[in-house]
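Since the structure comes first, as structure tokens, the remarks are kept for the end.
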There are 4 protein chains.
Amino acid sequence: MIEKYRIRTDLALEQKERFAADNVEVPGVILDETYDEEREIRVTTVKIETENGAKIMGKPVGTYITMEAPDLAVPDEGYHEEISAELAKFLKPFVPMDKPEYSVLVAGLGNRYVTPDALGPYVADHLNITRHIVKEYGRYAMGKDQVCMVSAVIPGVMGQTGMETVEVIRGVIKQTKPDLLIVVDALAARSTRRLNRTIQISDTGIHPGSGVGNHRNAITKETVGVPVISIGVPTVVDAATIVNDTMENFIRALESSETLKGVGVVLSGYNAAEKYELVKELISPHLNGLFVTPKDIDDTIRRISFTISEALNLLFSGGQAHNPSAGLI
Amino acid sequence: MIEKYRIRTDLALEQKERFAADNVEVPGVILDETYDEEREIRVTTVKIETENGAKIMGKPVGTYITMEAPDLAVPDEGYHEEISAELAKFLKPFVPMDKPEYSVLVAGLGNRYVTPDALGPYVADHLNITRHIVKEYGRYAMGKDQVCMVSAVIPGVMGQTGMETVEVIRGVIKQTKPDLLIVVDALAARSTRRLNRTIQISDTGIHPGSGVGNHRNAITKETVGVPVISIGVPTVVDAATIVNDTMENFIRALESSETLKGVGVVLSGYNAAEKYELVKELISPHLNGLFVTPKDIDDTIRRISFTISEALNLLFSGGQAHNPSAGLI
Amino acid sequence: MIEKYRIRTDLALEQKERFAADNVEVPGVILDETYDEEREIRVTTVKIETENGAKIMGKPVGTYITMEAPDLAVPDEGYHEEISAELAKFLKPFVPMDKPEYSVLVAGLGNRYVTPDALGPYVADHLNITRHIVKEYGRYAMGKDQVCMVSAVIPGVMGQTGMETVEVIRGVIKQTKPDLLIVVDALAARSTRRLNRTIQISDTGIHPGSGVGNHRNAITKETVGVPVISIGVPTVVDAATIVNDTMENFIRALESSETLKGVGVVLSGYNAAEKYELVKELISPHLNGLFVTPKDIDDTIRRISFTISEALNLLFSGGQAHNPSAGLI
Amino acid sequence: MIEKYRIRTDLALEQKERFAADNVEVPGVILDETYDEEREIRVTTVKIETENGAKIMGKPVGTYITMEAPDLAVPDEGYHEEISAELAKFLKPFVPMDKPEYSVLVAGLGNRYVTPDALGPYVADHLNITRHIVKEYGRYAMGKDQVCMVSAVIPGVMGQTGMETVEVIRGVIKQTKPDLLIVVDALAARSTRRLNRTIQISDTGIHPGSGVGNHRNAITKETVGVPVISIGVPTVVDAATIVNDTMENFIRALESSETLKGVGVVLSGYNAAEKYELVKELISPHLNGLFVTPKDIDDTIRRISFTISEALNLLFSGGQAHNPSAGLI
């Protein structure tokens with residue numbers, strides 16, 4: 001059974017759905033869902049509360065909030081402003097700002113030169129950076145009693161730097177001692193339907209590869225020394241996942257097919273593990289290292305990265321923070 | 001005398017000022033100025049009405065509107081929205097939209113890879129492009145009786161293309177037959193005070209190099225076949241100009257200096273032309289091909305290009321046109 | 001049968017292979033293959049000689065040369081230089097340079113902001129552009145009796161310009177009258193094995209979408225007025241193709257499976273068309289507009305685009321043409 | 001006198017020249033010059049040996065090697081390859097590689113989005129990064145007994161990150177423990193003649209602003225914990241410098257002028273300090289924060305950054321290291 005659920009997804013929601021589809025209850029995992037009909041925003045909260053739940057889900061203990069908004073990929077400015085405000089609202093509990101000079105480091109992960117992986121760098125590009133100003137002139141120069149000092153880092157990817165992302169981030173945190181790290185990253189989903197329509201917030205950090213356990217290269221409170229909030233948007237599906245999913249549908253169709261009744265009878269004689277093996281050997285090794293993404297990914301990434309940077313600017317400034325320098329390069 | 005006024009500026013306003021400083025009246029040139037105290041926007045309209053005026057001014061007959069806004073280079077979103085609206089208002093009389101499917105081509109001139117010259121390409125990047133949608137689905141698909149079909153071209157510079165800008169634009173116009181061409185370009189000012197604080201709108205097209213006369217490579221109604229509106233922002237000063245200006249001040253200071261009275265006496269024995277010669281031979285030939293620009297030109301160009309693209313989006317849509325995909329690459 | 005061969009590929013070679021796999025002879029289509037063992041370069045020439053052959057192949061009459069080099073995606077400078085020289089050799093017969101000032105326009109098609117689609121723009125970025133120099137100083141300034149005047153255009157994509165690519169190119173050609181158009185574009189392959197390992201040269205132009213017939217938006221001698229040579233590299237596979245292919249393998253496996261003999265017996269009772277229908281209804285409509293590409297596409301595109309621009313620089317200069325400004329932006 | 005020498009230059013050579021022009025000997029500073037006539041490369045070594053010499057020069061104790069090559073800004077590939085080899089030769093003594101796995105971190109300083117300041121990021125973009133490969137597979141996988149592990153960081157500028165450059169670099173060094181730091185940065189020259197024609201290597205690190213003394217934000221062995229080699233190319237001249245220099249020439253010309261003999265007589269009655277004051281008050285405050293750079297800075301920066309990255313690739317690999325992925329972004 002576990003094998004079956006090994007298909008890669010960075011969304012806790014999708015992992016939960018897989019079990020739900022088979023009517024499998026996962027102990028230690030709580031689900032809550034709300035739907036805002038007017039704005040068509042669905043918010044799902046998955047709480048993994050026990051180590052056992054974490055093991056089954058293949059994701060660490062913590063809270064995962066997912067906002068699904070079908071029009072997130074659509075160019076409608078008013079709508080994006082609403083999503084920014086909504087996102088800021090959901091992030092607020094994770095960013096206490098409980099001191100006069102609260103300091104946040106935002107890390108924009110990913111590869112700026114591969115379009116669907118550029119989300120993190122683009123978000124970092126459009127933040128209102130203030131740490132150096134407060135350091136130089138004091139928080140009163142900002143005309144406020146309480147300020148959020150914002151800094152940002154774009155660590156790049158290993159092929160460009162020769163370093164693990166966590167090495168760069170830990171180094172910067174040790175030097176600049178922020179109160180909180182926010183990482184922004186592009187994710188892999190299981191379903192193409194979720195691409196660029198979903199934002200996941202979690203308090204569990206980033207676990208390269210996947211799964212639980214002690215990962216040397218994870219970006220978590222344990223490895224970097226400060227709480228970590230992650231914001232992710234699924235922008236790709238692994239090519240192997242998409243093929244595997246279609247084949248599962250195919251087998252299901254064969255099993256229930258009227259025209260191909262005989263096939264169904266034969267296949268239903270095999271159990272899930274056997275069927276998984278059957279599928280696996282047919283998935284081309286050429287699919288390793290390949291991903292699936294939409295043709296208009298450039299526009300979509302620009303819009304969503306702007307929606308997220310605006311949410312962060314709003315959150316950090318405690319209100320109006322729309323940044324006219326949105327443009328660029 | 002003419003020699004003295006040969007210093008390069010793309011702003012009609014600055015050319016006019018030069019004559020005004022010497023109390024020289026230019027026949028055939030009318031000046032009008034308004035000042036909005038609250039928003040600190042100064043609008044100057046220079047109308048060159050006769051060929052003689054054009055010859056003296058070194059600029060073609062036509063209307064030149066200059067908006068000066070000291071905070072244009074400052075990151076304040078509300079203010080930039082106001083400037084966008086104001087700019088749209090000034091552009092409106094030049095864009096009649098006098099038919100159900102009015103078509104505008106916007107050309108973003110300049111070199112995307114030299115920061116202060118990237119204004120045109122950045123503006124083109126952020127326009128709401130609609131021509132292909134109207135062509136495919138008709139104007140009623142836009143939910144309107146009257147639509148503006150917007151297309152854009154970024155012709156690049158000669159070193160990148162091997163072609164004159166006007167060749168590319170004329171070619172595109174012949175094929176796509178827009179009703180109007182709007183060119184957006186970075187300009188050279190004479191005064192560093194005007195850099196990134198001034199927007200010039202004119203109905204005379206673009207005259208590479210400068211001056212009047214029949215220029216093969218000008219981008220005008222004569223060379224491209226449709227009316228041409230140009231929008232420009234001074235982002236550089238020629239290095240030779242800045243040195244020349246400082247030296248003129250220096251000579252003026254020497255002439256009136258108390259400490260250096262003797263120098264003043266001697267210099268005042270020479271006429272303007274002789275002094276110009278004196279200055280010219282001291283201006284290093286190394287200054288050719290050099291320009292002066294501010295260190296924070298990247299942020300400034302991003303913001304102003306966005307202000308202009310928003311003004312155009314507003315204008316073309318007949319109202320709300322803020323584009324959330326401001327972000328990007 | 002035709003249905004079966006409708007799977008999208010821009011490579012004539014792959015289309016031919018599909019028929020070959022079924023031992024179907026295509027009349028009017030000639031195949032020739034050579035293999036350079038030392039350098040592992042396979043060169044296949046597909047000649048479509050009749051309209052009937054064109055109809056069956058779904059590609060216009062003409063010559064298609066494919067160079068396959070497994071190490072094209074690998075960072076080995078010496079090897080890339082060899083490929084550049086080889087490619088220049090294959091292009092030579094198509095570029096007669098039969099006059100003292102022979103003029104070539106290179107069009108870099110595609111979307112610079114979607115990594116696997118950026119091949120064309122990147123190639124255009126790195127060409128040695130000479131048309132404007134020859135125009136200004138004459139061919140003798142180049143120290144030669146015979147020169148190739150090179151110009152380049154990066155027309156962008158419709159979402160950015162509102163114009164068909166062919167409108168921009170035809171406009172530029174009408175104005176600048178080159179003797180030849182070379183278009184460089186990223187292609188879609190059917191097999192992931194070919195991605196970034198194959199270069200196709202053809203003399204048939206570019207046919208957006210696919211297939212034969214009078215396409216308004218094709219870029220061919222008919223639509224632009226000068227001969228068109230196209231250079232393409234497959235950088236993506238359509239998501240629908242990859243799923244379809246895997247499913248065909250799956251069905252084939254089921255048919256010959258020992259363990260699932262019963263399934264095979266049942267399936268073999270259905271003909272190809274019925275099986276195609278079966279597959280089609282299982283392929284998610286969500287796959288439309290999705291493509292598959294490798295994770296390291298940024299490095300690969302940079303290298304291959306440089307290999308192609310070097311080949312063109314070599315070809316146009318008639319020898320040494322390595323361009324040190326290979327660097328970036 | 002010191003005042004006079006305060007004009008900003010990042011080149012030790014230019015500082016030395018200023019004293020030489022006035023026949024001022026600077027104690028504790030040694031100069032050595034060689035000239036390669038064939039290749040027109042002038043190499044000057046300035047050694048500041050005492051703290052007193054450092055104080056007078058306004059630069060820290062250490063060695064400054066300057067390569068001047070007039071054709072560095074010219075597109076000639078063979079020539080650039082020679083410069084790369086020459087530069088690698090000069091760098092070699094500073095990079096001992098005295099252990100089996102010698103580790104170098106290269107920091108590309110500056111702002112990628114302001115063209116003349118993009119040198120550092122562009123160099124970092126084109127390095128052969130190997131640290132992660134050696135870490136994963138060991139040095140024998142590289143087929144060598146001795147390897148250089150190369151990593152790179154592009155720290156960005158304070159307006160983008162909110163952090164001092166030294167904070168980012170020190171953090172990364174503490175985590176990854178390289179044996180040597182090489183910083184690459186764009187410099188300010190005093191003379192426009194040196195722009196993009198000069199490469200300075202020094203073993204004294206980077207001192208933002210200028211001058212000697214304990215600078216919190218300097219990037220030196222003291223502040224980052226490992227030896228620091230810096231490679232710089234002057235790409236800008238401060239606008240104030242260019243004006244000041246021209247005025248000094250002007251005063252000198254006035255003093256020796258035949259036509260303006262009287263002026264010379266008067267001016268020569270004033271000492272250097274008085275003349276400096278005269279000049280200073282005429283230099284517009286508008287010149288602060290402005291720089292001068294050539295119009296073709298995009299091509300020049302690309303070529304020189306490639307020449308430097310190739311020199312480093314050669315040096316680190318111990319021979320052949322030309323990187324075909326020279327291409328772009």
Side-chain angles (χ1 to χ4, degrees), chain A residues 111-118 157 159-160 191-195 236-240 242-247 249-254 257 259-267 269-270 274 277-279 281-299 301-302, chain C residues 111-118 157 159-160 191-195 236-240 242-247 249-254 257 259-267 269-270 274 277-279 281-299 301-302:
Chain A
N111 184 346
R112 182 190 288 284
Y113 299 121
V114 173
T115 316
D117 201 23
V157 295
Q160 294 160 357
S191 163
T192 57
R193 272 181 313 112
R194 287 232 164 68
L195 290 185
V236 298
V237 173
D238 273 3
I242 218 169
V243 170
N244 191 50
D245 262 29
T246 319
M247 299 246 277
N249 292 341
F250 183 49
I251 290 178
R252 211 169 296 147
L254 285 180
S257 165
T259 26
L260 292 171
K261 215 170 210 155
V263 181
V265 170
V266 174
L267 275 173
Y270 297 84
E274 286 166 329
E277 280 309 305
L278 187 70
V279 167
E281 74 187 27
L282 288 162
I283 296 184
S284 162
H286 289 298
L287 296 184
N288 285 334
L290 294 174
F291 64 79
V292 177
T293 203
K295 276 165 194 169
D296 61 352
I297 187 68
D298 56 331
D299 284 339
I301 282 283
R302 286 208 285 173
Chain C
N111 184 349
R112 180 191 289 283
Y113 300 121
V114 173
T115 317
D117 200 22
V157 294
Q160 292 160 359
S191 162
T192 59
R193 273 182 310 112
R194 287 231 165 69
L195 290 185
V236 298
V237 174
D238 273 2
I242 218 170
V243 169
N244 191 49
D245 263 28
T246 318
M247 300 247 276
N249 291 342
F250 183 48
I251 291 177
R252 212 170 296 147
L254 285 180
S257 165
T259 25
L260 293 171
K261 215 172 211 155
V263 181
V265 170
V266 175
L267 276 172
Y270 296 83
E274 286 166 328
E277 281 308 303
L278 187 72
V279 167
E281 73 186 27
L282 287 162
I283 295 182
S284 163
H286 290 297
L287 296 184
N288 285 334
L290 294 173
F291 63 79
V292 177
T293 204
K295 275 165 195 168
D296 61 352
I297 187 69
D298 56 331
D299 284 339
I301 282 283
R302 286 208 285 173

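All values reported here derive from a predicted model rather than from experimental measurement. Every chain is numbered from 1, with letters handed out A, B, ... down the list of sequences.
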Start with the C-alpha distance between C:L195 and A:L290, add both sets of side-chain angles, then the distance that settles side-chain contact (heavy atoms from CB on, under 4.5 Å), and finish with yes or no. CA-CA 10 Å; C:L195 290 185; A:L290 294 174; 4.2 Å; yes
Nearest heavy-atom pair of A:V114 and C:T115: which atoms, and what distance? CA-OG1, 3.3 Å
Atom of C:A239, atom of A:V292 and distance for their closest heavy-atom approach: CB-CG1, 4.0 Å
All side-chain hydrogen bond (donor to acceptor under 3.5 Å, both in side chains) counterparts of A:N111, not counting sequence neighbours: A:Q160, C:D298
